[in-house]
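Computation of the quantities below employed the complete heavy-atom set of this structure, encompassing side-chain atoms and omitting hydrogens, waters and symmetry-equivalent molecules. Bear in mind the structure is a predicted one, so any value in this text is a computation, not a measurement.
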Amino acid sequence: MSLLIVSLDNTILNVALPTLQDDFHSSVSGLQWTIDAYLIVLASLLILSGSTGDRIGRRRVFQTGLALFTLGSVLCSLAPSLGLLVAARVVQAVGGSMLNPVAMGIITNVFTEPRERARAIGVWGGVVGLSMAMGPLVGGVLVDSVGWRAIFWLNVPIGLAALTLTALFVPESRAERPRRPDPLGQALMILTLGSVTYAIIEAPGRGLGDPVVYGAALLAAAALAGFALHALRTPEPLIDLRFFRSIPFSGATLVAVGGFAGLGGFLFVNTLYLQNVRGLSALHAGAYLLPMAAMTAICGPLSGRLVASRGPRLPLQIAGASMLASGLLFAAFDAETRDATMFVSYVLFGIGFGMLNSPVTNTAVSGMPRAQAGVAAAVASTSRQVGQALGVAVIGAVLAAGTSGTSAAPAFVAAARPAYWVLTGCAAAVLVLGTVTTGRRAARSAARTAALFDADDEPAGGRHVATGATTS
């Protein structure tokens with residue numbers, strides 16, 4: 001239920017963007033913030049929420065997350081302005097960060113037998129495909145029949161039911177050696193993501209020479225440098241930079257950023273195009289996007305089987321090649337001008353994105369010691385949210401730059417062309433990185449990184465030297 005409302009929320013919101021634009025008379029940058037404010041906060045707090053659950057109790061943190069997400073949904077439904085809607089989305093994101101990583105810790109603790117655990121994780125992960133398939137149609141029905149506020153009302157009964165069931169059936173659990181908090185690293189991470197996203201989103205309207213824009217860019221660079229220096233000096237940093245010595249882990253992180261940037265940008269530009277240029281209703285726009293969602297739902301489980309039988313390289317190559325073909329159809333062959341080519345492009349993108357998730361997580365944790373696997377998976381999840389936020393920011397900035405001061409529909413079509421080339425670049429990165437960061441050489445790199453952590457985790461004088469052992 002927690003994964004359903006978190007995953008459903010983003011898909012539904014994309015379908016509602018044109019309606020929000022009309023109701024609040026919003027610019028493209030305003031629409032970007034309704035999505036990116038949520039994603040930035042979610043990405044920034046995922047690791048902290050996972051380690052907090054390990055420390056003070058997973059059920060307690062999970063219930064707090066459900067309550068905050070439900071409260072945020074109520075506030076979103078009542079928002080009288082775009083600014084207050086963005087603020088309510090931040091409340092949602094704080095709650096959402098406490099759900100998925102903590103839920104995985106609960107599943108791992110409850111289902112101790114490997115086969116049962118694999119089955120439970122399969123059901124849990126399958127909800128992503130279900131929510132992707134449901135989102136466009138459910139969102140379209142609600143927006144057209146009731147209004148955009150109804151997409152947030154939907155979360156309230158599900159959140160309350162999940163709270164009740166958690167209290168009745170989920171046992172409390174904690175980690176034996178939880179990570180210590182890293183408040184400075186957490187603050188620097190939020191500052192980095194927030195300032196770089198602000199610079200990208202505001203650049204088209206303010207201009208690259210605006211002091212606020214380049215000031216935000218300089219602040220992001222300084223915060224990133226500070227984050228890296230702090231991570232090298234503190235015993236238990238928010239993200240241990242030694243992870244990136246592993247070629248598979250670094251590759252999985254970059255693939256997640258590139259692939260989810262493609263997803264965020266693809267949904268953003270297509271929902272606006274279908275409703276603002278083609279004049280479709282929210283329901284019809286959702287129906288157009290259904291082939292992509294359906295192929296994502298079908299290919300997700302198939303990708304997991306391929307990873308188990310053939311390793312992560314093949315599904316990553318399929319993901320990159322399919323998303324690349326979809327982007328090229330739009331960028332070079334005007335796929336949006338004909339329903340047939342648009343349908344093929346949506347199917348290809350759905351295949352590619354469906355193939356992406358399982359190998360990213362598998363590659364991120366492959367070769368990591370058991371004590372570090374949870375942290376590695378949490379970093380991969382953070383990379384997904386960062387990628388999606390950057391995709392919306394960059395694609396939205398390209399659209400905003402191309403549509404300023406001209407007629408809406410023709411200008412949008414013209415501005416969408418470079419936007420699709422950006423998406424094509426993201427897909428190409430997935431294909432190349434998925435190929436070069438997997439295989440025997442990459443496996444040797446992962447083994448060396450695992451040995452490094454194993455050496456640090458050996459008992460010293462009868463005391464365990466903790467380096468971030470957690471399951472988040």
Side-chain angles (χ1 to χ4, degrees), residues 8-39 72-92 134-155 201-202 204-206 264-290 292-293 336 342 388-389 391-416 419:
L8 197 63
D9 205 60
N10 263 344
T11 313
I12 287 182
L13 186 60
N14 272 281
V15 174
L17 287 178
T19 306
L20 284 173
Q21 189 174 29
D22 291 339
D23 282 4
F24 292 132
H25 307 290
S26 168
S27 62
V28 172
S29 65
L31 297 181
Q32 289 171 274
W33 279 117
T34 62
I35 297 176
D36 272 1
Y38 176 87
L39 293 172
S73 299
V74 173
L75 294 175
C76 286
S77 71
L78 300 174
S81 67
L82 191 69
L84 290 175
L85 175 61
V86 171
R89 291 280 287 164
V90 170
V91 176
Q92 269 192 315
M134 287 173 55
L137 282 181
V138 172
V141 169
L142 290 176
V143 171
D144 279 355
S145 60
V146 183
W148 63 265
R149 297 180 190 275
I151 66 178
F152 297 108
W153 298 342
L154 184 66
N155 296 331
I201 289 177
E202 298 299 326
R206 292 178 173 268
F266 192 88
L267 288 175
F268 189 82
V269 70
N270 275 280
T271 50
L272 290 177
Y273 169 79
L274 289 171
Q275 295 183 61
N276 288 353
V277 178
R278 285 207 170 193
L280 299 178
S281 66
L283 175 58
H284 288 155
Y288 266 76
L289 291 170
L290 190 58
M292 182 191 75
E336 73 276 9
M342 180 181 282
Q388 196 168 347
V392 172
V394 172
I395 296 302
V398 172
L399 289 176
T403 55
S404 58
T406 52
S407 164
F412 188 97
V413 173

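- Residues L17 and Q21 fail the side-chain proximity criterion, which asks for heavy atoms closer than 4.5 Å.
- You'll find the side chain of L13 stays beyond 4.5 Å of the side chain of Y38, heavy atoms only.
- Note that CG of L84 is 14.5 Å distant from CZ of R89, once rounded to the nearest 0.5 Å.
- Residues N270 and N14 have side chains not in contact (no heavy-atom distance under 4.5 Å, counting atoms from C-beta outward).
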Run the numbers on V28 and F412 for side chain to side chain contact (heavy atoms under 4.5 Å, CB included), then give the verdict. CA-CA 11 Å; V28 172; F412 188 97; over 6 Å; no

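- Of all the heavy atoms in A79 and W148, the pair that sits closest is O-CH2, 4.2 Å.
- Looking at heavy atoms from C-beta onward, L82 lies out of side-chain contact with W33 at the 4.5 angstrom threshold.
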Under the criterion side chain to side chain contact (heavy atoms under 4.5 Å, CB included), I'd like the reasoning laid out for L154 against I12: C-alpha separation, chi angles, the key distance, then a yes or no. CA-CA 10 Å; L154 184 66; I12 287 182; 4.1 Å; yes

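- The two atoms that bring I201 and Q32 nearest to each other are CG1-NE2, 3.6 Å, heavy atoms only.
- Legend: salt bridge (charged side-chain N to carboxylate O under 4.0 Å, His left out) pairs involving residues 13-23, not counting sequence neighbours: none detected.
- Checked by atom type and distance alone, the side chain of R278 pairs as donor or acceptor with a backbone atom of E336 at under 3.5 Å.
- Looking at heavy atoms from C-beta onward, M292 lies in side-chain contact with L267 at the 4.5 angstrom threshold.
- Residues V413 and Y273 are in side-chain contact: their nearest non-hydrogen atoms beyond the backbone lie under 4.5 Å apart.
- Between L31 and S26, the shortest heavy-atom distance links the atoms N-OG, 3.6 Å.
- Minimum interatomic distance between T271 and L289 (heavy atoms only, all atoms of both residues): CG2-CD1, 3.6 Å.
- Proximity of L274 to M342: side-chain heavy atoms (C-beta onward) are separated by under 4.5 Å at one or more points.
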For side chain to side chain contact (heavy atoms under 4.5 Å, CB included), just list the numbers for L85 and L20, CA-CA rounded to whole Å, side-chain angles, deciding distance to a tenth of an Å, and then say yes or no. CA-CA 10 Å; L85 175 61; L20 284 173; 3.9 Å; yes

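- Using modelled atom types, one finds a donor on one side chain and an acceptor on the other under 3.5 Å when comparing S73 with Q92.
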Show your working on side chain to side chain contact (heavy atoms under 4.5 Å, CB included) between Y288 and Q275 and close with a plain yes or no. CA-CA 11 Å; Y288 266 76; Q275 295 183 61; over 6 Å; no

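- Residues F266 and I395 are not in side-chain contact: their nearest non-hydrogen atoms beyond the backbone lie 4.5 Å or more apart.
- The shortest non-hydrogen separation linking I151 to A16 is CD1-CB, 4.0 Å.
- Between P80 and F24, the closest heavy-atom pair is O-CE2, 3.6 Å.
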